[in-house]
Number of protein chains: 2
Amino acid sequence: MDRSNHAFLPERTVEEASRIFKVLADPTRIKLLYLLSQEECSVGHIAEVLQLSQSAVSHQLSTLRNLRLVRYRREGNTFLYTYDDDHVISILTQVVHHIEHE
Amino acid sequence: MDRSNHAFLPERTVEEASRIFKVLADPTRIKLLYLLSQEECSVGHIAEVLQLSQSAVSHQLSTLRNLRLVRYRREGNTFLYTYDDDHVISILTQVVHHIEHE
DNA sequence: TAACTATATGAGCATATGCTCATATACATT
DNA sequence: AATGTATATGAGCATATGCTCATATAGTTA
């Protein structure tokens with residue numbers, strides 16, 4: 001076979017795609033992002049709705065914050081989170097839609 | 001907030017989505033699937049093109065086989081693999097396209 | 001049949017990840 | 001100022017994962 005005929009993906013592209021898919025690979029983050037795609041949520045609310053500990057939610061939000069996938073605003077002691085990456089949400093909802101209609 | 005107003009994802013949907021994203025989360029599998037989306041490949045050819053050991057490729061293909069994402073046919077001692085899940089390939093190419101055009 | 005080739009597979013290791021537990025931080029309320 | 005409330009964070013543990021190394025398997029060829 002002719003090796004010169006392959007369209008290779010640039011390493012940077014592969015790494016970036018992997019990064020996006022890694023975020024979406026965890027069931028907890030899928031639920032969390034899906035929830036945030038519907039409404040702005042406080043940390044406590046997320047924990048209650050998804051039946052997770054406050055710490056677990058906060059750690060996950062920390063991850064998502066570092067990846068710039070969510071943003072938040074403060075209201076007194078409460079932190080209200082919203083998603084901040086339309087592309088990732090769009091990939092998620094598309095896959096969800098596909099699964100539920102196959 | 002009103003907990004009854006959330007559109008929850010069924011657990012089965014979440015697990016299935018997670019399964020799909022997990023497959024795509026690994027850089028090696030991204031390259032491998034992208035290669036297979038372009039042409040039928042032998043194990044040795046994949047190893048050569050992607051600069052991986054024969055064993056590593058074979059293990060990855062075993063994973064992809066179990067998930068029914070690839071199929072293969074035999075030709076003498078050579079096994080020729082092709083992808084076998086249009087949806088997963090479509091998600092991958094879409095994300096790749098988005099990354100390369102943002 | 002013996003040697004060769006292509007691939008598969010099991011064991012084990014190193015790393016990554018998602019959680020819990022304990023504690024820190026920062027603002028609010030009394 | 002003291003207590004309370006909401007959230008963040010560090011350490012550590014259990015599990016998952018992707019690789020290597022060694023070896024097994026099956027078809028091919030001399």
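Listed nucleotides: C:dC19, D:dT9, D:dT20. Nearest to the side chain of A:Arg65: D:dT9. Of the listed nucleotides (D:dG10, D:dT20, C:dA6), C:dA6 has the atom at the smallest distance from the side chain of B:Thr78. Of the candidate nucleotides C:dA8, D:dT7, D:dA26, D:dA26 has the atom nearest to the side chain of B:Arg74.
Atom CD in A:Gln60 sits roughly 16 Å away from atom P in D:dG10 (whole-Å rounding). Taking atom CD1 of B:Ile46 as the reference point, atom P of C:dT7 lies 9 Å away to the nearest angstrom. Rounding to whole angstrom units, CG of residue B:Asp26 and C1' of D:dA16 are separated by 13 Å. For A:Leu52 and C:dC21, the CG to P distance is 14 Å, given to the nearest whole Å. Across the protein-nucleic acid pair, B:Lys31 atom NZ and D:dG18 atom P stand 13 Å apart, rounded to whole Å. The NE2-P distance, from A:His59 to C:dA22, rounds to 14 Å in whole Å. In this entry the distance linking CD of B:Glu48 with P of C:dT7 reads 12 Å, nearest Å. Following rounding to the nearest Å, B:Phe21 (CZ) and C:dG18 (P) show an atom-to-atom distance of 15 Å.
At D:dA8, one or more side-chain N or O atoms of A:Tyr81 fall inside 4.0 Å of OP1 or OP2 (strictly under the cut-off). The shortest distance between the side-chain N/O atoms of B:Arg29 and the OP1/OP2 oxygens of D:dT17 is not below 4.0 Å. Between B:Thr28 and D:dC19 there is a side-chain N or O to OP1 or OP2 distance below 4.0 Å.
No hydrogens or angles considered: a donor-acceptor pair under 3.5 Å links the side chains of B:Tyr81 and B:Arg65. Counted by atom type alone, A:Thr13 and B:Glu100 present one or more donor-acceptor pairs between their side chains at under 3.5 Å.
Nearest heavy atoms, B:Ser42 versus B:Leu80: N-CD2, 3.7 Å. Across every non-hydrogen atom of A:Gln94 and B:Gln94, the tightest pair is OE1-OE1, 2.8 Å.
For A:Asn77 and A:Lys22, each mapped to the nucleotide of DNA chain C holding its nearest heavy atom, the one lying further toward the 5' end belongs to A:Lys22. Nearest-nucleotide positions on DNA chain C for B:Phe79 and A:Thr63 put B:Phe79 closer to the 5' end.
Contact annotation for B:Tyr72: no contact, since no heavy-atom pair falls under 4.0 Å across all strands.
A donor and an acceptor atom sit less than 3.5 Å apart, one in the side chain of B:Gln54 and one in the base of C:dA8. Looking at B:Ser55, its side chain has no donor and acceptor atom pair within 3.5 Å of the base of C:dT7. Taking only distance into account, the side chain of A:Ser58 never meets the base of D:dT9 through a donor-acceptor pair shorter than 3.5 Å.
Contact check for B:Cys41 versus B:Leu36: side-chain heavy atoms found under the 4.5 Å cut-off.
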